[in-house]
Amino acid sequence: VVGTKDGFIKVVDSASLEVVCEQSAGGCVWSLAVRPDGQGLMAGCGDKAVKFYDFTVASAGLAVSLARELSVPQEVLCVRYSPTRSADKLLFAAGLLDNTVKVFFHDSMKFFLS
């Protein structure tokens, strides 16, 4: 999975190096993080949003589909998940352009700390 500066998330077949899925992210994709359970990913974007995608199986292979989005006050430069696999304890962090890091609960997307 690759995020591009021109605003796309691309799924690339590692054997043939062909793009099998391309999803618009709306703004520059500065960072990607795969969910610890392996069922999806999140993208830190230049359009002041953290976007969450689910992996799906399509005819061409693996695909991504937008599941939800969290708006933040600045561009997102970096995103990371907490290492736990427990869905009710999963947190994610977003590093913003104003040099702050904001931590949220994954399930409710409520703010936890900064």
Side-chain angles (χ1 to χ4, degrees):
V1 180
V2 178
T4 66
K5 193 174 177 181
D6 58 344
F8 289 94
I9 294 176
K10 298 179 181 186
V11 177
V12 180
D13 182 350
S14 61
S16 66
L17 299 179
E18 291 183 20
V19 176
V20 295
C21 174
E22 187 172 319
Q23 173 81 30
S24 175
C28 300
V29 179
W30 294 119
S31 181
L32 295 173
V34 176
R35 205 164 59 211
D37 65 4
Q39 300 296 311
L41 63 90
M42 99 177 124
C45 300
D47 62 350
K48 300 179 182 180
V50 179
K51 298 181 182 179
F52 299 86
Y53 295 87
D54 290 329
F55 292 129
T56 57
V57 178
S59 60
L62 186 68
V64 292
S65 59
L66 183 64
R68 56 191 180 153
E69 184 175 326
L70 174 68
S71 294
V72 291
Q74 295 286 323
E75 288 186 36
V76 182
L77 300 180
C78 185
V79 290
R80 290 293 176 265
Y81 279 108
S82 62
T84 184
R85 289 182 182 247
S86 175
D88 60 338
K89 297 179 183 175
L90 188 60
L91 302 171
F92 68 91
L96 307 181
L97 187 63
D98 64 356
N99 296 323
T100 60
V101 176
K102 298 190 181 293
V103 180
F104 299 86
F105 292 99
H106 183 261
D107 55 355
S108 64
M109 295 201 324
K110 289 186 179 179
F111 179 73
F112 179 57
L113 66 96
S114 180

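On a predicted model such as this, the values are computed, not experimentally measured, just so you know.
Pairs passing the salt bridge (Lys or Arg N to Asp or Glu O under 4.0 Å) check and including a residue from residues 17-26, sequence neighbours excluded, do not occur. Pairs of residues two or more places apart, or lying in two chains, never qualify as ring-ring contact (aromatic ring centres under 6.0 Å, His included) while including a residue from residues 55-78. Sorted pairs that involve residues 12-35 and meet ring-ring contact (aromatic ring centres under 6.0 Å, His included), not counting sequence neighbours, are lacking altogether. Sorted pairs that involve residues 72-86 and meet salt bridge (Lys or Arg N to Asp or Glu O under 4.0 Å), not counting sequence neighbours, are lacking altogether. Evaluation of the salt bridge (Lys or Arg N to Asp or Glu O under 4.0 Å) test over residues 38-52, restricted to residues two or more places apart or in two chains, returns Asp47-Lys51. Each ring-ring contact (aromatic ring centres under 6.0 Å, His included) pair with one or both residues in residues 83-102, not counting sequence neighbours, appears once here: Phe52-Phe92, Phe92-Phe104.
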Which pairs would a plain distance check flag for residues 94-103, meaning a side-chain donor or acceptor within less than 3.5 Å of a matching protein atom at least two apart in sequence or in another chain?
unit_1	atom_1	unit_2	atom_2	d
Asp98	OD1	Thr100	N	3.3
Asp98	OD1	Thr100	OG1	2.6

Mind listing the side-chain donor-acceptor pairs of residues 57-72 below 3.5 Å, one per line with the distance, residues two or more places apart or on another chain?
unit_1	atom_1	unit_2	atom_2	d
Arg68	NH1	His106	O	3.2
Arg68	NH1	Asp107	O	3.3
Arg68	NH2	His106	O	2.4
Arg68	NH2	His106	ND1	3.4
Arg68	NH2	His106	NE2	3.3

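Not counting sequence neighbours, Ser114 has no partner by the side-chain hydrogen bond (donor to acceptor under 3.5 Å, both in side chains) test. In this structure, Thr56 has no side-chain hydrogen bond (donor to acceptor under 3.5 Å, both in side chains) partners at least two apart in sequence or on a different chain. Take Phe105 and apply the ring-ring contact (aromatic ring centres under 6.0 Å, His included) test, not counting sequence neighbours, and it matches Phe112. Here Asp54 pairs with Arg35 under the salt bridge (Lys or Arg N to Asp or Glu O under 4.0 Å) rule; sequence neighbours left out.
Each of Val50 and Leu41 belongs to its own hydrophobic cluster when Ile, Leu, Val, Met, Phe, Trp and Tyr are linked at side-chain heavy-atom distances under 4.5 angstrom. By the criterion of side-chain heavy atoms lying less than 4.5 angstrom apart, applied directly or through intervening Ile, Leu, Val, Met, Phe, Trp or Tyr residues, Tyr53 is grouped together with Val20 in one hydrophobic cluster.
Residue Val29 is tested with Val2, Asp6, Ile9 for a side-chain contact (heavy atoms from CB on, under 4.5 Å); the sole match is Ile9.
Residues Leu90 and Thr84 meet the side-chain proximity criterion, which asks for heavy atoms closer than 4.5 Å. Looking at heavy atoms from C-beta onward, Leu32 lies in side-chain contact with Val1 at the 4.5 angstrom threshold.
Here Cys21 contributes atom SG and Asp13 contributes atom CG; the two are 12.5 Å apart, rounded to the nearest 0.5 Å.
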